[in-house]
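Each chain gets a letter, A, B and so on, in the order the sequences are listed, and its residues count up from 1.
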Protein chains: 2
Amino acid sequence: MKGKATSFDIAHLAGVSQSTVSRALRNSPLVKAETIEKVQRIARELNYKVDKHASSLRSQQSATLALLLFEDPTTDDSLINPFFLSMLGSITRACARQGFDLLVSFQQLSDDWHADYEDSHKADGIILLGYGDDVDYQPKLKQLDQQGTRYVRWGPLSEGRGLSVGCDNRQGGQDASQHLIALGRRRIAFIGNASHHYPEFFARYQGYVRALLEAGLSIEPALQQDAITTEQAGFDAVTTLLDRGTDFDAIFAASDLIAVGAMQALQARGLRVPDDVAVVGFDDIPVARFASPPLTTVRQDTKRAGEQLVESLVRQIRGEPVRSVTIPTQLVPRKSCGEA
Amino acid sequence: MKGKATSFDIAHLAGVSQSTVSRALRNSPLVKAETIEKVQRIARELNYKVDKHASSLRSQQSATLALLLFEDPTTDDSLINPFFLSMLGSITRACARQGFDLLVSFQQLSDDWHADYEDSHKADGIILLGYGDDVDYQPKLKQLDQQGTRYVRWGPLSEGRGLSVGCDNRQGGQDASQHLIALGRRRIAFIGNASHHYPEFFARYQGYVRALLEAGLSIEPALQQDAITTEQAGFDAVTTLLDRGTDFDAIFAASDLIAVGAMQALQARGLRVPDDVAVVGFDDIPVARFASPPLTTVRQDTKRAGEQLVESLVRQIRGEPVRSVTIPTQLVPRKSCGEA
DNA sequence: CTGAAAGCGCTTACAG
DNA sequence: CTGAAAGCGCTTACAG
């Protein structure tokens, strides 16, 4: 047998038609059980695999999802938020389980990624995962909607924009802040962008605001300092706060990366965590547990999130009813707030 | 126009044949410049994209690479060594630059991944990236070789086994150990598996041995403690060493994950890093810089490595001459050894 | 339960 | 420089 075997080769060997081979390989109930068995045995012997392109071309579906990861600004060529990376594992596994392949691509938010994958039939649908200015993001989503592209996005609900899967950021932010308050902290800084440009961070900030107000504390603008989600930004933000002479006894960082950078900045200035300043992060990335001190944080369940993203997209592709989903978060107390 | 536009639609609008459209879209020198221009303009207007499956089926190449990531034993469903993840970024970018799509899949080393992607024409070649027992790995590689599958593997040269790209682990291990010796450390523990089951770790160990012997130090078996590449394994290994009463003033950990876990274990026992025990890791994963104290380590250039993996595989696919590549490492001194 | 036939949307010899 | 035609390897009505 030269070259790869085809369904015709199997048909010949099995003494049936190629149509029957095609049906048998997909366990069609139309085919007699013993025919299925014979065909599949021969296929196995020939190490035959259905040609992906031929079957996709004919059936007009590729059994492939595309994952678009983007991050703007990208601090470094290869630095991707570990939070997204940890979702990647869960997404690939969920895809495999559903019988889909996964195409992965990293992009700048600023790139022209909004077409291509579905138009060229490379993928049946797109998973969008990333961090960047929502004001730049929305027009791209709008274009996807207009094109009728099937996609699901990690992030908060966004009115009039397709399907999303996201965490309850507001509740998570409130839990984190209440935790600090319960431990007796009163001057709690929020490190992270708090505007509609970064809706997830903004929701966490809103949770923070709500917790403080409920505890009878006032909201001081001086205690909020912008930072994108990198260690460097966290380091810089805390340094700025300290240079400015702002007084605080706790930090709620909008992400673990920020928190890790923040702890570094505190320790570089000789401040002790948690004795002088307690720190809470958000995400529970793998580093959090091994930071020094181990970081109290708000866990986003990446396993469940990845599975949900894939499931929502696949259901959408199949034409089944779908709706956006919000996943609860969970506070994980560690030593950075003083727990044992 | 209902449904997606095809090359026939463009042909009709441009007043040329479909063959000419196909050529024009790929900038064939056979086609008159103005025809190319007209065809491409119309294609753009229609938001036309070449159907990936049709073109792949006809041309018998998919312009897609498959990345197989595996890790055994997998400690956690979603925990993947950040070192591999950071290569992922570089690999996707290199693929895009070369005009290839990238299919990503996570597998257990124990899974049956050794076929499928190329057989079903999903990918033109495979990039293998992972960590696991080499004794389990080799038979799979052998099978790939026998099938004539085009692949490239991250790791050391392996006689009679296809193409590889890897770091100079022995030299890296030697550099790390010499660094500790130069700082006056004399009782240096090696944490990591040091057998042919884990050739990369073993090469690092050999570098360690060489450095010690060159410095006139003896190799004490009690100073070597097995660990796979997880924080937990590093933590456990150091705990074992301490429980056993082994005396040491430095640790060379076979990976950063091990090193981070090791530092945790030391600090949990009240030992100071670097005062009591200096620590060097391997990889320079993002965490290393933000560990406490920041971790001295041997950097593997993941950007270059990813690019090289893609380039080697693409050249192999194109039938160009290729050979395995070894990339140099670089010592990155940080505070875990006492540097400023 | 099975087969003959059409056709998915391209690329690429072949002919001019 | 361009066109008519074949064919990549499947899936799926259609007919029996």
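A salt bridge (charged side-chain N to carboxylate O under 4.0 Å, His left out) check over residues 19-36 of chain B, counting only residues at least two apart or in different chains, returns nothing.
In this structure A:R58 satisfies the salt bridge (Lys or Arg N to Asp or Glu O under 4.0 Å) test with no other residue, sequence neighbours excluded. When the salt bridge (Lys or Arg N to Asp or Glu O under 4.0 Å) test is applied to A:E37, no partner is found at least two apart in sequence or on another chain.
Using the six-membered ring where Trp is involved, B:Y137 and B:F70 have ring planes that are perpendicular, over 60° apart on the 30 and 60° scheme.
For A:W154 against A:E200, the heavy-atom pair with the smallest separation is NE1-OE1, 3.6 Å.
DNA chain D contains the following stems of three or more consecutive Watson-Crick or G-U pairs, with both distances under 3.5 Å: C:1-3 with D:14-16, C:5-12 with D:5-12, C:14-16 with D:1-3.
Read 5' to 3', the first and last nucleotides of DNA chain C with an atom closer than 4.0 Å to a heavy atom of chain A are C:dC1 to C:dG9.
Looking at B:K52 and B:T64, their side chains do bring a donor and an acceptor atom within 3.5 Å of each other. At a cut-off of 3.5 Å, with distance as the only test, no side-chain donor of A:D134 or A:H197 sits close to an acceptor on the other residue. Residues A:S7 and A:S22 bring no donor and acceptor atom of their side chains to less than 3.5 Å of each other.
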- Please report the C-alpha distance between B:L65 and B:Q98 in whole Å, then the side-chain angles of each, then the deciding distance to 0.1 Å, and finally whether the side chain to side chain contact (heavy atoms under 4.5 Å, CB included) criterion is met. CA-CA 11 Å; B:L65 304 183; B:Q98 302 252 17; over 6 Å; no
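For the segment residues 20-41 of chain A, residues with any heavy atom less than 4.0 angstrom from an atom of DNA chain D are, sorted by number, A:S22, A:R23, A:R26.
Using a 4.0 Å heavy-atom criterion, one finds that B:S19 contacts the bases of the nucleic acid, with or without backbone contacts as well.
A:R150 has no carboxylate O lying under 4.0 Å from a charged side-chain N of A:D124, or vice versa, which leaves the two without a salt bridge.
Comparing B:V16 and B:A54 against DNA chain D, the residue whose closest nucleotide sits nearer the 5' end is B:V16.
Spacing between D:dG16 and D:dT12 at atom C1', rounded to whole Å, works out to 16 Å.
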